[in-house]
**Student:** 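This is the structure I want to talk about, given as structure tokens.
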Amino acid sequence: MEIRLASKVGFCYGVERAYEKALELVNNNEKVYIYGDLVHNNEVKNELMNKGVGFFYSLNELPIDSNESIGIIRAHGIPKKEKDLLKKRFKEVIDLTCPIVENVFKYAHEMQKKGYFIIAYGKKEHAEMIGLKGNIDENKIEILKDPKTFKHNKICVISQTTMDYHNFKDFASELTKISEYNEIAIKDTICYETKIRETEAKDIAIWSEFVIIIGGKHSSNTRKLYEISKKYNKNSIHIDSVNELKSYELSKYEKIGILTGTSTPNKSINEVIEFLRRGF
Ligand code: SF4
């Protein structure tokens with residue numbers, strides 16, 4: 001049996017950076033709390049909790065010992081107002097917003113200063129989009145997934161970093177046709193990690209007889225890879241852990257492909273590879 005593993009697997013740069021920092025701090029005996037889930041993966045969350053990292057999900061329910069703890073802002077970023085509040089309530093706040101996300105916030109802010117209305121292709125409820133809105137003038141931005149008509153002197157179209165590149169191109173092209181403006185700026189702000197993983201998902205799905213997509217069931221980027229793979233190979237499955245593989249008859253496949261989301265830990269990937277190599 002041949003196994004083809006995607007070249008980009010495991011945590012993406014932004015998640016790895018936040019994960020390593022959280023571990024470094026607890027190993028130095030600091031009390032650490034992360035605002036929101038670092039990634040949509042229960043295994044990772046449990047591992048961090050076992051090592052002493054705490055989590056909180058609302059500014060109304062801050063940890064009681066926040067004033068003697070370090071608060072971590074995860075890779076998606078948060079609104080500025082929230083960051084300011086955390087700074088008042090924690091001994092220290094470490095902002096681990098991914099630099100790629102940070103650059104999108106800065107770009108949108110600069111464009112607003114130049115008079116552009118921002119149109120962000122993304123999901124309104126996604127943490128990164130909430131962070132974007134909360135770091136710029138929220139009256140001069142709209143976040144949406146389906147193009148509609150805008151009437152502004154200057155419009156600037158950007159994307160959530162984890163959206164599909166081809167869909168973004170279609171969105172921007174349609175919006176350009178139906179909107180009224182004097183100036184338009186279209187900037188592809190999709191993260192390179194997202195693009196590489198999506199391109200590979202297609203290649204691997206075409207090459208394989210069976211594709212295993214490893215990642216949390218709530219991880220939207222893992223689900224997206226699954227959708228891409230399924231489009232090119234109906235023998236694609238999305239699993240959380242190696243245990244789910246046991247119900248499949250894998251011995252009949254000669255070529256098995258493996259893809260992972262940006263929140264999938266290396267441990268889960270190694271367990272799947274070991275399972276396949278052992279011959280079930
Ligand atoms: S997907 Fe890209 S932008 Fe998002 S956290 Fe990972 S590296 Fe950063």
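Remember, it's 1-based here, ligands and their atoms both numbered in the order they're listed.
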**Student:** I'd like to know whether Tyr116 forms a side-chain hydrogen bond (donor to acceptor under 3.5 Å, both in side chains) with Glu183, so could you lay out the CA-CA distance, the side-chain angles of the two residues, the decisive distance to 0.1 Å, and finally the verdict.
**Tutor:** CA-CA 9 Å; Tyr116 286 86; Glu183 281 180 43; 3.1 Å; yes
**Student:** Which ligand 1 atoms are under 4.0 Å away from a heavy-atom of Cys12?
**Tutor:**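 Those atoms are 1 (S), 5 (S), 6 (Fe), 7 (S).
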**Student:** Considering only non-hydrogen protein atoms, determine which one is nearest to atom 7 (S) of ligand 1 and report residue, atom name and distance to 0.1 Å.
**Tutor:**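 Atom 7 (S) of ligand 1 sits closest to the protein heavy atom Gly14 N, 3.5 Å.
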**Student:** Using side-chain hydrogen bond (donor to acceptor under 3.5 Å, both in side chains), reason through Thr162 and Asn221 one step at a time and then give a plain yes or no.
**Tutor:** CA-CA 7 Å; Thr162 49; Asn221 76 82; over 6 Å; no
**Student:** Taking both backbone and side chain into account, is any N, O or S atom of Cys98 nearer than 2.8 Å to atom 2 (Fe) of ligand 1?
**Tutor:**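 For Cys98, the answer is no, given that no N, O or S atom comes within less than 2.8 Å of atom 2 (Fe) of ligand 1.
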**Student:** Would you indicate whether the side-chain heavy atoms of Glu209 and Glu254 approach each other to under 4.5 Å?
**Tutor:**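 Glu254 vs Glu209: side chains touch.
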**Student:** How about Glu43 and Ser241: does a side-chain donor come under 3.5 Å of a side-chain acceptor?
**Tutor:**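 Short answer, no.
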**Student:** Within ligand 1, which atoms have a heavy atom of Cys191 less than 4.0 Å away?
**Tutor:** 1 (S), 2 (Fe), 3 (S), 7 (S)
**Student:** I want to check something: taking the side chain as every heavy atom from C-beta on, are Thr161 and Thr194 in contact at a cut-off of under 4.5 Å?
**Tutor:** no
**Student:** Can you list the ligand 1 atoms lying under 4.0 Å from a non-hydrogen atom of Thr161?
**Tutor:**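 Those qualifying, in numeric order: 3 (S), 4 (Fe).
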